[in-house]
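Beneath this line is the structure, given in structure tokens, with notes to follow.
None of the values given here were measured: they were computed from a predicted structure.
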Amino acid sequence: MTDLSAFADLDLDRTARRGYPEAVYCAGKTAAQVGAIAAAVRARPDVITLFTRAGADHVAAVLAELPDAVHDPDAGLLAWPPEPPVPSGGPVLVVAAGTSDLPVAREALLTARYLGRDASLIADVGVAGLHRILGHLPALRAAHAVVVAAGMDGALPSVVAGLVTAPVVAVPTSVGYGAAFGGLAPLLTMLNSCAPGVAVVNIDNGYGAGHLAAQITAPR
């Protein structure tokens, strides 16, 4: 059995300290390490644990220890305990510019849900067909925070921010041809947004975007 203390010191009291639990970033960890972490959190069902960026070996290791964990293969994410908490605070809307942005968008969606928010998703509403996002104005304007995942030119967050009163969390994705530079081009576009109220997280960081949106919409 892998000795957890040799590589991890879990922060299981983070929820009590700052309101939100620690997540387990699986990329770069071995399956044995992730499995040992899963075995350790099994004793703390009061703590919601998200396993992000989980590959097939990580998934198998987590499910061996936590067989009822929820696995979303598109998002590369597992959650345990399987049921998200009862929603509180304001609603979060996650928007994916294109179908190729869905993995990052779903990571944001599930993160917000398991951190206790009522979160929903709208997909494939990029600026190449502007009528598509305009067709969702009621949902956009009802949200208390909007997460927008976009690659290519990364223009959608600015468009959304010009239509809503809520803060927009922009997530550049590594989707696009060569000049997108693996997400750098949309990152710079989002950082240079002329629409106020846009916060930008790192490339492909759906977890960070969902977390920030959950904090923005937390009950007061």
Side-chain angles (χ1 to χ4, degrees), residues 1-94 96 102-121 145 147 149 169 171 173 201-219:
M1 184 174 181
T2 303
D3 179 11
L4 181 67
S5 65
F7 58 85
D9 184 3
L10 299 184
D11 188 2
L12 295 173
D13 294 322
R14 186 175 298 185
T15 301
R17 190 174 71 252
R18 65 180 307 268
Y20 300 92
E22 180 181 30
V24 179
Y25 179 76
C26 296
K29 294 181 176 67
T30 67
Q33 289 169 339
V34 172
I37 292 170
V41 303
R42 188 173 57 223
R44 289 291 304 272
D46 58 307
V47 177
I48 291 171
T49 302
L50 298 180
F51 297 84
T52 68
R53 297 300 171 92
D57 290 346
H58 301 127
V59 171
V62 171
L63 293 178
E65 300 292 344
L66 305 169
D68 59 340
V70 167
H71 173 221
D72 187 300
D74 292 333
L77 180 145
L78 299 103
W80 188 86
E83 288 297 321
V86 176
S88 61
V92 173
L93 182 64
V94 179
L102 272 174
V104 175
R106 287 199 60 80
E107 185 181 46
L109 175 76
L110 293 170
T111 297
R113 280 184 183 166
Y114 277 92
L115 294 184
R117 302 296 166 262
D118 178 8
S120 54
L121 172 69
V147 175
V169 181
V171 193
T173 69
V201 299
N202 209 344
I203 297 167
D204 291 336
N205 188 9
Y207 170 77
H211 200 298
L212 180 56
Q215 290 183 269
I216 290 170
T217 57

Check your understanding: Ignoring hydrogens and geometry, is there a side-chain-to-backbone donor-acceptor pair from N202 to N205 under 3.5 Å?
Key -> no
**Study point:** Pairwise side-chain contact, T111 with L77, heavy-atom cut-off 4.5 Å (strictly under)
**Key:** yes
Review point. Within a strict 4.5 Å, meaning less than it, do heavy atoms of the L12 and P21 side chains meet?
Key: no
**Study point:** Which residues share a salt bridge (charged side-chain N to carboxylate O under 4.0 Å, His left out) with D74, sequence neighbours left out
**Key:** none
Practice item. Any ring-ring contact (aromatic ring centres under 6.0 Å, His included) involving residues 22-41? Give me the pairs, sequence neighbours left out, ordered by first then second residue. Key: none
Check your understanding: Given side chains that start at C-beta, do those of L66 and T49 come closer than 4.5 Å, heavy atoms only?
Key -> no
Point to revise | Partner residues of Y207 under the ring-ring contact (aromatic ring centres under 6.0 Å, His included) criterion, sequence neighbours left out | key: H211
Review point. How would you list, by chain and number, every residue that makes a side chain to side chain donor-acceptor pair (under 3.5 Å) with S88, sequence neighbours excluded?
Key: R117
Review point. Got a sec, which pairs hit side chain to side chain donor-acceptor pair (under 3.5 Å) with one end in residues 53-64, sequence neighbours left out?
Key: none
Point to revise | Any residue meeting side chain to side chain donor-acceptor pair (under 3.5 Å) with E22, in chain and number order, not counting sequence neighbours | key: none
**Study point:** Heavy-atom side-chain proximity of I48 to T15 below 4.5 angstrom
**Key:** no
Check your understanding: Which ring-ring contact (aromatic ring centres under 6.0 Å, His included) pairs, counting each pair once, include a residue from residues 65-93, with sequence neighbours left out?
Key -> none
Practice item. Return the set of residues passing side-chain contact (heavy atoms from CB on, under 4.5 Å) with L63 (not counting sequence neighbours), or none when no residue passes. Key: V59, A69, L78
**Study point:** Partners meeting side-chain contact (heavy atoms from CB on, under 4.5 Å) with D13 (sequence neighbours left out)
**Key:** R44
**Study point:** With sequence neighbours excluded, residues passing side-chain contact (heavy atoms from CB on, under 4.5 Å) with A32
**Key:** T2, T30
Check your understanding: Who pairs with D204 by side chain to side chain donor-acceptor pair (under 3.5 Å), at least two apart in sequence or on another chain?
Key -> S174
Check your understanding: Listed by chain and number, what are the side chain to side chain donor-acceptor pair (under 3.5 Å) partners of R42, not counting sequence neighbours?
Key -> E65
Practice item. Measure across Y114 and P81 and return the closest heavy-atom pair with its distance rounded to 0.1 Å. Key: CE2-O, 3.7 Å
